[in-house]
There are 2 protein chains.
Amino acid sequence: MDKKKTSKGKKIPKATIIRLPVYLHYLTELAQKGISVVPSHDLAELAGGNGPQLRKDLSYLGEFGTRGVGYNVGRLAHHISKFMGLNKEQSVAIIGVGKLGMALINYKGFAEKGFKICAGFDNNSQMIGKKVDDLVIYDVRDLGKIIKEKDIEICIITVPASEAQSIADKLISCGIKAILNFAPIFLKVPDDVVACQIDLSIELQILSFYRTLLK
Amino acid sequence: MDKKKTSKGKKIPKATIIRLPVYLHYLTELAQKGISVVPSHDLAELAGGNGPQLRKDLSYLGEFGTRGVGYNVGRLAHHISKFMGLNKEQSVAIIGVGKLGMALINYKGFAEKGFKICAGFDNNSQMIGKKVDDLVIYDVRDLGKIIKEKDIEICIITVPASEAQSIADKLISCGIKAILNFAPIFLKVPDDVVACQIDLSIELQILSFYRTLLK
DNA sequence: ATATGTGAAAGCATTCACAGCT
DNA sequence: AGCTGTGAATGCTTTCACATAT
C-alpha cells in the first residue's frame with residue numbers, strides 16, 4: 001500500500017497516522033471547553049506524547065500553527081479531520097451479534113466519531129429479524145444485498161475464530177475494503193483490502209509481560 | 001522501564017514482544033493439530049509475518065530451532081510462554097459491568113490463554129451482588145478488599161471516560177500494576193504501572209484512513 | 001538439500017537544537 | 001519572550017545474505 005503524500009511530496013509515517021486521531025479527540029474536547037488555542041506541549045501531554053513529536057507529526061500535513069502562540073483548536077481539528085477523510089459519516093456493519101457484537105452496537109463512541117452502525121448480521125435464526133437498540137439484525141446470507149442497499153463501507157467481525165476467515169472472504173467478495181476483526185486469528189486479505197486486528201487476549205499477554213518487567 | 005535482557009545481555013525490541021504472543025497462539029494451534037515441527041516460514045505466514053523476522057525475534061530468546069528442520073512446536077511454545085511469564089494463571093478483574101464489561105466477562109478467549117476473570121465491579125446498586133455468568137459483581141467501594149482477597153493482578157477498565165482516570169487512580173492505590181483501558185482517554189499512570197489503551201473509535205478511524213488510501 | 005542464527009545494511013521513527021515568526 | 005517548523009543526529013526495526021548445522 002502506498003503512503004499518502006504531503007503537499008510537498010513527502011511520505012507520512014505510519015506512526016504519525018496512528019497518533020492523529022488521538023490529537024483530534026483532544027482537540028474536539030478542548031473546543032467543547034471553549035479553548036480556542038493550544039500550544040504543542042499542552043495538546044501532546046493530553047495525548048500522551050511530547051511537544052516536538054506532535055509538531056513533527058503536524059508538519060507532515062502543513063503549517064497550521066502560529067509561532068509564539070500555538071495551534072488554533074478548531075482549525076487544526078478541521079484539517080486533521082479532512083486529511084483523514086473523517087469529515088463525513090461512514091456506514092458500518094457488525095457481523096456476529098453475540099455478546100461482544102451487541103456491546104459494540106450499543107457503544108456510543110462510534111456515533112460521536114462519525115461512524116453509523118446501520119446493520120447487524122448473524123447466522124442464528126433466533127436473532128435474525130430481531131432488533132437490538134433499534135438496529136435490525138439480518139441474515140448473513142443477505143450480506144451482499146444489505147451492504148449495497150445501506151452503502152456500508154466498513155465491517156466489524158465479531159464471529160467465532162473458526163468462521164472469521166470465511167466471513168472476511170464473503171465481505172471482500174461483496175466489495176468491502178476495510179475490516180476490523182475481533183476474532184483471534186490473523187485474517188488473510190488481498191492487497192486492496194485493509195484489515196485491522198484486535199485480539200483481547202494478546203493485549204492482556206503483552207500487558208502481563210510488561211508488568212513482570214517492573215519488578 | 002528497562003527492557004528485559006536476553007541471556008547474552010541484549011535488549012529485546014518492543015516490536016518483538018508484541019509478536020511473541022501471536023507466535024504462541026499459532027504454536028498452540030499447531031500442537032492441537034498434532035504437528036510437532038514447523039519451519040520459520042510456515043509459522044510466520046500464519047502469524048502474518050515473514051521467516052527472517054520470526055527467526056530474528058526468536059533469536060533474542062535463545063536458539064530453539066534445528067537447522068535444516070525447523071522448530072519443535074511444543075518446545076518453542078513452552079519457551080515463549082515461560083519467557084513471557086504466561087505459564088501460570090493470572091487473576092483479572094473487570095471494572096464497569098456495562099454492555100462491554102459484560103461481553104468481556106463472557107469472553108471465552110481469556111480463560112484459554114490463562115487469564116481468570118474472578119471479579120466484576122460496578123457502582124450501580126442494581127448490579128451489585130448480582131451474578132453474571134457465575135461471576136459476582138461487587139461494589140467499586142470494595143475494590144481494595146476484593147483485589148487483596150482474590151489476588152487480582154490485572155484490571156480491565158470498562159467504565160465511561162469521565163470516570164476512567166479516577167478508577168485508574170484507585171486501582172493504582174490498591175497496588176494494581178497492569179491496566180487495560182477501554183475508555184477513550186489517555187490514562188496518566190506512574191512509571192511503575194503499565195497501562196494499555198484500546199480505543200475502538202480510533203481503530204476505526206485509522207482503518208478508515210487506510211481505506212481511503214487504497215483508491 | 002534445507003532451514004536456522006546472525007552480523008551488516010537499509011529503512012523508519014523519535015529526539016534535539018535552533019532558525020524563524022508573532 | 002514564546003512557540004512553531006524542520007534539518008540533522010540518534011535510536012529502533014526490518015530486511016538481507018550467508019555461514020553454519022542437520
Side-chain angles (χ1 to χ4, degrees), chain A residues 1-20 22-23 27 30 35-73 75-76 79-80 83 206 210, chain B residues 1-20 22-23 27 30 35-73 75-76 79-80 83 206 210:
Chain A
M1 183 185 357
D2 275 7
K3 274 192 183 173
K4 186 156 181 173
K5 307 278 179 72
T6 61
S7 45
K8 290 169 197 163
K10 285 182 209 151
K11 285 178 191 168
I12 297 181
K14 205 175 159 187
T16 293
I17 298 300
I18 290 170
R19 284 186 294 264
L20 288 176
V22 185
Y23 301 150
L27 285 167
L30 288 171
I35 294 167
S36 63
V37 173
V38 67
S40 62
H41 173 84
D42 294 11
L43 178 56
E45 187 159 70
L46 288 169
N50 57 57
Q53 179 168 80
L54 181 140
R55 294 201 300 276
K56 182 136 271 234
D57 284 341
L58 296 182
S59 77
Y60 293 110
L61 313 199
E63 301 192 12
F64 301 118
T66 309
R67 291 166 199 229
V69 180
Y71 296 91
N72 178 298
V73 170
R75 195 166 106 89
L76 182 54
H79 270 99
I80 293 178
F83 170 79
I206 295 167
Y210 279 118
Chain B
M1 180 184 4
D2 275 9
K3 274 192 184 174
K4 187 156 181 174
K5 307 278 178 69
T6 60
S7 46
K8 293 170 196 161
K10 286 182 208 151
K11 285 177 190 171
I12 296 183
K14 205 175 155 186
T16 294
I17 297 300
I18 291 170
R19 283 185 293 263
L20 287 177
V22 186
Y23 301 150
L27 285 166
L30 288 172
I35 294 167
S36 64
V37 173
V38 67
S40 62
H41 174 84
D42 293 11
L43 178 55
E45 187 159 71
L46 288 170
N50 57 58
Q53 179 169 79
L54 181 139
R55 295 201 300 277
K56 181 131 272 228
D57 284 341
L58 296 184
S59 76
Y60 294 111
L61 312 199
E63 301 193 10
F64 301 118
T66 309
R67 290 168 200 230
V69 180
Y71 296 93
N72 178 298
V73 170
R75 195 166 105 89
L76 182 55
H79 270 99
I80 294 178
F83 170 78
I206 294 166
Y210 280 118

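Protein chains get the first letters and strands the later ones, always in sequence-line order, with residue 1 at the start of each.
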Phe64(B)/Ile80(B) under side-chain contact (heavy atoms from CB on, under 4.5 Å): CA gap, chis, key distance, verdict: CA-CA 10 Å; Phe64(B) 301 118; Ile80(B) 294 178; over 6 Å; no
For [X] and [N], what is the distance between atoms [atom1] and [atom2] respectively, to the nearest whole Å?
| X | N | atom1 | atom2 | answer |
| --- | --- | --- | --- | --- |
| Leu54(A) | dT6(D) | CG | C1' | 14 Å |
| Phe64(B) | dA21(D) | CZ | C1' | 17 Å |
| Asn50(A) | dA17(C) | CG | P | 13 Å |
| Ile12(A) | dA13(C) | CD1 | C1' | 14 Å |
| Tyr60(A) | dT4(D) | OH | C1' | 15 Å |

[X] side chain: which of [options] is closest?
| X | options | value |
| --- | --- | --- |
| Glu63(A) | dT4(D), dT14(D), dT6(D) | dT6(D) |
| Ala15(A) | dT13(D), dA13(C), dT6(D) | dA13(C) |
| Arg67(B) | dT14(C), dC3(D), dG5(C) | dG5(C) |
| Lys56(A) | dT15(C), dG5(C), dT14(D) | dT15(C) |
| Pro52(A) | dA13(C), dC16(C), dT15(D) | dC16(C) |
| Pro39(A) | dC3(D), dT15(D), dT15(C) | dC3(D) |

Closest heavy-atom pair and its distance - Gly65(B), Tyr71(B):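 The pair with the smallest heavy-atom distance is CA-CD2, 3.4 Å.
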Minimal non-hydrogen separation, Val73(A) against Leu30(A), with atom names: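 For Val73(A) versus Leu30(A), the nearest heavy atoms are CG1-CB, 4.2 Å.
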Closest-nucleotide 5' rank along DNA chain D - winner of Thr16(B) and Gly65(A): Gly65(A)
Arg55(B) (side chain) and dT4(C) (base): donor-acceptor pair under 3.5 Å: no
Residue whose closest nucleotide on DNA chain C lies nearer the 5' end, Asp57(A) versus Gly68(A): Asp57(A)
Residue met sooner reading DNA chain C from 5', once Thr66(A) and Arg19(A) are mapped to nucleotides: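 The residue closer to the strand's 5' end, by nearest nucleotide, is Arg19(A).
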Candidate pair Leu61(B) and Leu20(B), rule side-chain contact (heavy atoms from CB on, under 4.5 Å), full reasoning: CA-CA 10 Å; Leu61(B) 312 199; Leu20(B) 287 177; 4.2 Å; yes
